[in-house]
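Remarks on the structure that follows.
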2 protein chains.
Amino acid sequence: MTPTSLAVTPSTVCCSPLVREPLDAATAVSVARVFKAIGDPARLRLVSIVAAHAGGEACVCELIEPLGLSQPTVSHHLKVLVDAGLLHREQRGVWAYYSIVPAALDALATVLDTQQHTAP
Amino acid sequence: MTPTSLAVTPSTVCCSPLVREPLDAATAVSVARVFKAIGDPARLRLVSIVAAHAGGEACVCELIEPLGLSQPTVSHHLKVLVDAGLLHREQRGVWAYYSIVPAALDALATVLDTQQHTAP
DNA sequence: ACGAGACATTGACAACTGTCGATGTCTTGG
DNA sequence: CCAAGACATCGACAGTTGTCAATGTCTCGT
């Protein structure tokens, strides 16, 4: 920030200028929180299994077995994913159904896409 | 496991069938490792700052200040990103230049994209 | 060859995370 | 109203992670 009017300082010699504004600290914190949520094998698989089910939703009973984790642990991971905005929870009778929130995945993909191309 | 020959068991009633194969455990581990790498505010900003520089590369000296972290900490985060395959390191004289690995970001985006649409 | 500077590595520590067993809550069938 | 089942919450514990100060390594100019 606040670029000085000095033309050349020794620490600047090695470096190239910015071609766009990087993520600010606050945005980075909120985006990283979501990446962190899927940055766990169990949770990534949960998202994948839910997405692989017809209708894009699944109940908890179908998630425990393929993961090989205890029910409380699966419940914990699901809560993390819901808190991150990646999954939506809906109680229907006795069962709780979890479904993908496409917008959340899309937002992450957009962030990744932004980092790929360097402006001219 | 071990489904009985009974036609209807209470625990099966609630669930919908799979429309595609979810991520297997091994794939989930390796993909989650990369997501985890950018699932940290400091590292996400590092990637962003590197990508925002002309040529898609930056030297360490230009990364420390905007992050507000110590030099060893920045060096540590850079190592994590390199190990995850997200950044490439190249030593040029006294300076070390880090650059984006577009293919790595692309692979993540593809995984995210796969989870978004539900097959018919 | 020597010293300076850029960056990496080490060691240490507090904070966080994943996991489980035990227990609580809520809905439904009888 | 009561018991059963689906799921969430709690408490606890081992393992991991982010951070820094101190130190090491490597490259270049003098």
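Residue numbers begin at 1 in each chain, while the letters A, B, ... track the order of the sequences. Just so it is clear, the model here is predicted, and its values are computed rather than measured.
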Tell me the interatomic distance from [X], atom [atom1], to [N], atom [atom2], rounded to whole angstroms.
X: B:Leu67; N: D:dG18; atom1: CG; atom2: P; answer: 13 Å
X: B:Trp95; N: C:dA4; atom1: CH2; atom2: C1'; answer: 13 Å
X: A:Leu78; N: D:dA6; atom1: CG; atom2: P; answer: 16 Å

Tell me, please, which residues at least two apart from [X] pass side-chain hydrogen bond (donor to acceptor under 3.5 Å, both in side chains).
X: A:Gln91; result: A:Arg89
X: B:Ser30; result: none
X: A:Thr73; result: A:Ser70

> Taking five pairs at each end, how big is the angle between the two axes of the helix from C:dA1-D:dT30 to C:dG30-D:dC1, to 10°?
Replying inline: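 Computed from the C1' atoms at both ends, the axes differ by 30°.
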> Restricting to pairs with a member in residues 91-105 of chain A, which pass salt bridge (charged side-chain N to carboxylate O under 4.0 Å, His left out), not counting sequence neighbours?
Replying inline: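 As it turns out, the salt bridge (charged side-chain N to carboxylate O under 4.0 Å, His left out) pairs with a partner in residues 91-105 of chain A, which skip direct neighbours, are A:Glu57-A:Arg92, A:Glu90-A:Arg92.
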> Closest approach of B:Ala28 and A:Leu44, non-hydrogen atoms and distance?
Replying inline: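 Looking at all heavy atoms of both residues, the shortest contact is O-CD2, 3.7 Å.
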> Between A:Cys59 and A:Trp95, what is the shortest heavy-atom contact and its length?
Replying inline: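 Result for this residue pair: CB-CB, 4.5 Å.
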>> Across nucleotides 18-24 of chain C, 5' to 3', mark each nucleotide with B, S or - according to how protein heavy atoms within less than 4.0 Å reach it.
In response: SBBBB--
>> With the threshold set at under 4.0 Å for non-hydrogen atoms, list the residues of residues 81-94 of chain B touching DNA chain D in residue-number order.
In response: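 Here the set is B:Gly93, B:Val94.
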>> Please determine whether a side-chain nitrogen or oxygen atom of B:Tyr98 lies at a distance below 4.0 Å from atom OP1 or OP2 of C:dA6.
In response: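 Looking at the OP1 and OP2 atoms of C:dA6, neither is under 4.0 Å from any side-chain N or O of B:Tyr98.
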Pairing residues for [X] by the side chain to side chain contact (heavy atoms under 4.5 Å, CB included) criterion, not counting sequence neighbours:
X: A:Pro22; value: A:Leu18, B:Ser48, B:Ile49, B:Ala52
X: A:Pro102; value: A:Ile100, B:Gln116
X: A:Thr27; value: A:Leu23, A:Asp24, A:Val31

Show me the donor-acceptor pairs within less than 3.5 Å that the side chains of residues 76-88 of chain A make with the rest of the protein, sequence neighbours left out.
from    : atom 1 : to      : atom 2 : distance (Å)
A:His77 : ND1    : A:Arg43 : NH1    : 3.1

